[in-house]
Amino acid sequence: MRDVAVIGVGLSAWGEVWKQSLRDLITEAAVNAVDDAGVEKLDAMFIGCMSGGLFAGQEHIGALAADYLGMGPIPATRTESACASAGTAFRTGLMAVASGYHDVVLAGGVEKMTDVDGGATTRALAAAADQEYEAYHGVTFPGLYAMMAVAHMAKYGTTREQLAMVAVKNHRNGAMNPHGQSPFEVTLEQVLTATRVADPLRILDCSPVTDGAAAAILCPLDMVSRFTKSQAIRVTGSGQATDTIALHQRKDICAIESAALAAKVAYDMAGVGPGDIDFAEVHDCFTIAEIMVTEALGFCEQGQGGKAVEAGETALDGRIPINTSGGLKSKGHPVGATGIAQIHEIVTQLRGNAGGRQVKDAKRGLAQNMGGTGASSTVHILEVI
Amino acid sequence: MGLTTARYWREVPQRYRMEAGECTACGEIHFPPRRICMKCGKQKFETVVLPDTGKVITWTVIRVAPDEFTDLSPYAVCLVELENGVRLMSQLVDVDLDEIEMGLPVKIEFRRIREDGADGVLFYGYKVVPA
Ligand SMILES: [Zn+2]
């Protein structure tokens, strides 16, 4: 296998972007990534998208993206793993370059979520769960994470306040991110009294509905000297794992095993452990998710994720800063784009371009992207060359 | 999303009669039934009917519901562990929403799941109530 580097990243407009369509978003992100990398042509594209069908009535996203980027007739394929769709696009692009099938590959992700109303959004997101044995009974996506939260609180003593502290921390980081959808701080009090969604989760425990796209350009490490426009960043670890689609068949509903398994593969590949990671972007679709993933990635002991955020260990100036971008919570969560937006933040930090939210001496970052209630996870480790 | 009669009918043995698949090799019981045993990988099963009592493992109260469930909101859903260890997700009804707790003993009942939609299908199945 060849070593691989990221030579360019790009984002589209991000948030409630009424003026832009699905094709506008992915094209904007792709153009920005191509410009950042300084490449003339691509050999292939992999585009993550969770539900172009339910959100925009549009499937066949790979061809659409290649067409509007003016890169046809190159091979272009959509990847789908619910909210981990872009994480799998990145990993698929990585494998395509590492294997020698392609040299210059664009891995992207897109979701246009605000063209449908709230009920349709809830239903589209619930499509990541088990349709016949979860959604049929009126169980929503926040409802599933709420049940994980109730179980985690009962088993480990995680508190309602600790959940809220995740939102407060991520909004504090996100307020320094010019790309974010909700770049403002929130108080503990605001989170604890916000509108209830699925007990104990309130609206400020949940990531928002977001339009957006992200893209990254990959090439073999030994080819980076041809593309010197922006600083190249090496991809040293990649892992992916799955778990049961339905929560009721999990061995342990208080742990995200797919994240732990994907992380183990990525750590082994990179030859590092959790203690060697300088900062991480993790899938905080709900506050409880960040706590459980912090544990799964080995940044703290199982069950101690709530205490870690309370102690400030995951804050920007903490032992292991988590979600410096603001996370899905503040930056926004266009579901099919999030995995690459995380890569964008890792690359931005490793290049030292993160401004007020810059992590000091950032040399190695980790991105964890997740689909469903953890039925899919990807983990990537990137390092300064 | 439309739910056709055929799609609804395929799940009837599980939803109406609580039928599960018991692996003839290792005894693991799967709900819903599967083709391949999660525990031992064998592919032979006998149909068994699940016990109708269990306890709440975790729960939540849904306050922002999908369109089809809006008129039931707020409503409780829970993860139930039945007497034989099999788990399933269900609505928890006929209960004071403030009095749900871990370990609450529950019993399965046959109920209408939600109001009729535009699909021309009546939605029935199991719900649980305090035992
Ligand atoms: Zn078996």
Side-chain angles (χ1 to χ4, degrees), chain A residues 51 53-54 116-127 129-155 194-203 205-206 209 243-254 286 288 373, chain B residues 1 3 7-8 10-12 14-15 28-32 34 38-39 56-82 86-93 97-98 100-103 111 113-115 117 121 123-128:
Chain A
S51 196
L54 291 176
V116 293
D117 63 29
T121 303
T122 302
R123 202 171 355 150
L125 293 173
D130 185 322
Q131 282 302 294
E132 308 294 1
Y133 292 91
E134 292 177 331
Y136 181 82
H137 296 280
V139 179
T140 60
F141 222 67
L144 289 164
Y145 274 96
M147 284 189 267
M148 294 159 86
V150 168
H152 200 274
M153 291 162 93
K155 185 169 180 182
T195 305
R196 294 193 283 189
V197 174
D199 300 348
L201 301 181
R202 292 172 181 262
I203 192 76
D205 289 291
C206 309
V209 168
D243 203 341
T244 64
I245 188 89
L247 200 56
H248 74 260
Q249 287 174 322
R250 297 278 164 83
K251 283 191 202 84
D252 181 0
I253 58 168
C254 295
F286 300 95
I288 182 62
T373 49
Chain B
M1 177 197 65
L3 205 166
R7 180 173 176 180
Y8 182 79
R10 285 196 296 269
E11 307 300 325
V12 159
Q14 289 76 251
R15 290 190 184 137
E28 183 78 1
I29 300 173
H30 301 78
F31 184 81
R34 292 178 174 234
M38 291 173 79
K39 196 171 169 190
V56 169
I57 296 299
T58 187
W59 85 97
T60 183
V61 177
I62 306 279
R63 295 176 190 276
V64 177
D67 286 345
E68 304 88 347
F69 289 89
T70 304
D71 50 0
L72 295 178
S73 178
Y75 55 92
V77 294
C78 65
L79 180 59
V80 176
E81 186 168 299
L82 300 173
V86 172
R87 292 180 174 191
L88 53 83
M89 202 65 87
S90 169
Q91 283 183 35
L92 170 55
V93 295
L97 294 181
D98 296 325
I100 304 169
E101 56 182 10
M102 290 299 213
R111 298 286 181 101
I113 297 294
R114 61 169 164 97
E115 292 301 307
V121 175
F123 299 90
Y124 285 92
Y126 49 85
K127 292 187 181 181
V128 300

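Here is the naming used below: chain letters follow the sequence lines, and residue numbers restart at 1 for every chain.
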Participant: Go through the atoms of R111(B) and report whether side chain, backbone, both or neither lie under 4.5 Å from a heavy atom of chain A.
Facilitator: neither
Participant: Are the side chains of R196(A) and V61(B) in contact, using a 4.5 Å heavy-atom criterion?
Facilitator: no
Participant: With respect to chain B, which residue among T121(A), T140(A), D117(A) yields the maximal number of heavy-atom pairs within a distance under 4.5 Å?
Facilitator: T140(A)
Participant: Could you look at L125(A) and say if it's the side chain, the backbone, both or neither that has a heavy atom under 4.5 Å from chain B?
Facilitator: neither
Participant: What distance do L144(A) atom CG and T58(B) atom OG1 have between them, rounded to the nearest 0.5 Å?
Facilitator: 10.5 Å
Participant: Hey, which of Q249(A), M148(A), E134(A) has the most heavy atom pairs under 4.5 Å with chain B?
Facilitator: Q249(A)
Participant: Side chains of Y126(B) and H137(A): closer than 4.5 Å at any heavy-atom pair?
Facilitator: yes
Participant: Are R7(B) and Q131(A) close enough, and set up right, to give a side-chain hydrogen bond (donor to acceptor under 3.5 Å, both in side chains), and what steps lead you there?
Facilitator: CA-CA 11 Å; R7(B) 180 173 176 180; Q131(A) 282 302 294; 4.6 Å; no
Participant: How about Q14(B) and E132(A): do any of their side-chain heavy atoms sit closer than 4.5 Å?
Facilitator: no
Participant: Which region of R15(B), side chain (C-beta onward) or backbone (N, CA, C, O), has a non-hydrogen atom less than 4.5 Å from a non-hydrogen atom of chain A, or is it both or neither?
Facilitator: side chain
Participant: Hey, which of A127(A), P200(A), G143(A) has the most heavy atom pairs under 4.5 Å with chain B?
Facilitator: G143(A)
Participant: Test side-chain contact (heavy atoms from CB on, under 4.5 Å) on Y133(A) and L88(B) and set out the steps.
Facilitator: CA-CA 8 Å; Y133(A) 292 91; L88(B) 53 83; over 6 Å; no
Participant: If you tally heavy-atom pairs under 4.5 Å against chain A, which of R34(B), H30(B), R10(B), R114(B) wins?
Facilitator: R34(B)
Participant: Does any part of the side chain of V150(A), heavy atoms only, come nearer than 4.5 Å to the side chain of M102(B), both counted from C-beta?
Facilitator: yes
Participant: Between Y136(A) and Y124(B), what is the shortest heavy-atom contact and its length?
Facilitator: OH-O, 2.8 Å
Participant: Which region of A124(A), side chain (C-beta onward) or backbone (N, CA, C, O), has a non-hydrogen atom less than 4.5 Å from a non-hydrogen atom of chain B, or is it both or neither?
Facilitator: neither
Participant: Using modelled atom types and a 3.5 Å cut-off, is there a donor and acceptor pairing between side-chain atoms of Y75(B) and backbone atoms of G138(A)?
Facilitator: yes
Participant: Would you give the length of the straight line joining atom OG1 of T122(A) to atom CD of E68(B), rounded to the nearest 0.5 angstrom?
Facilitator: 9.5 Å
Participant: Under 30°, 30 to 60°, or over 60°: which ring-plane class applies to F31(B) and H248(A), parallel, tilted or perpendicular?
Facilitator: tilted
Participant: Hey, what do you get for CE (M89(B)) to CG (D130(A)), rounding to the nearest 0.5 Å?
Facilitator: 9.0 Å
Participant: Before giving the answer on side-chain contact (heavy atoms from CB on, under 4.5 Å), spell out for T195(A) and R63(B) the whole-Å C-alpha distance, their side-chain angles and the decisive distance to 0.1 Å.
Facilitator: CA-CA 9 Å; T195(A) 305; R63(B) 295 176 190 276; over 6 Å; no
Participant: Among I100(B), I62(B), T60(B), whose side-chain contact (heavy atoms from CB on, under 4.5 Å) with D199(A) holds?
Facilitator: T60(B)
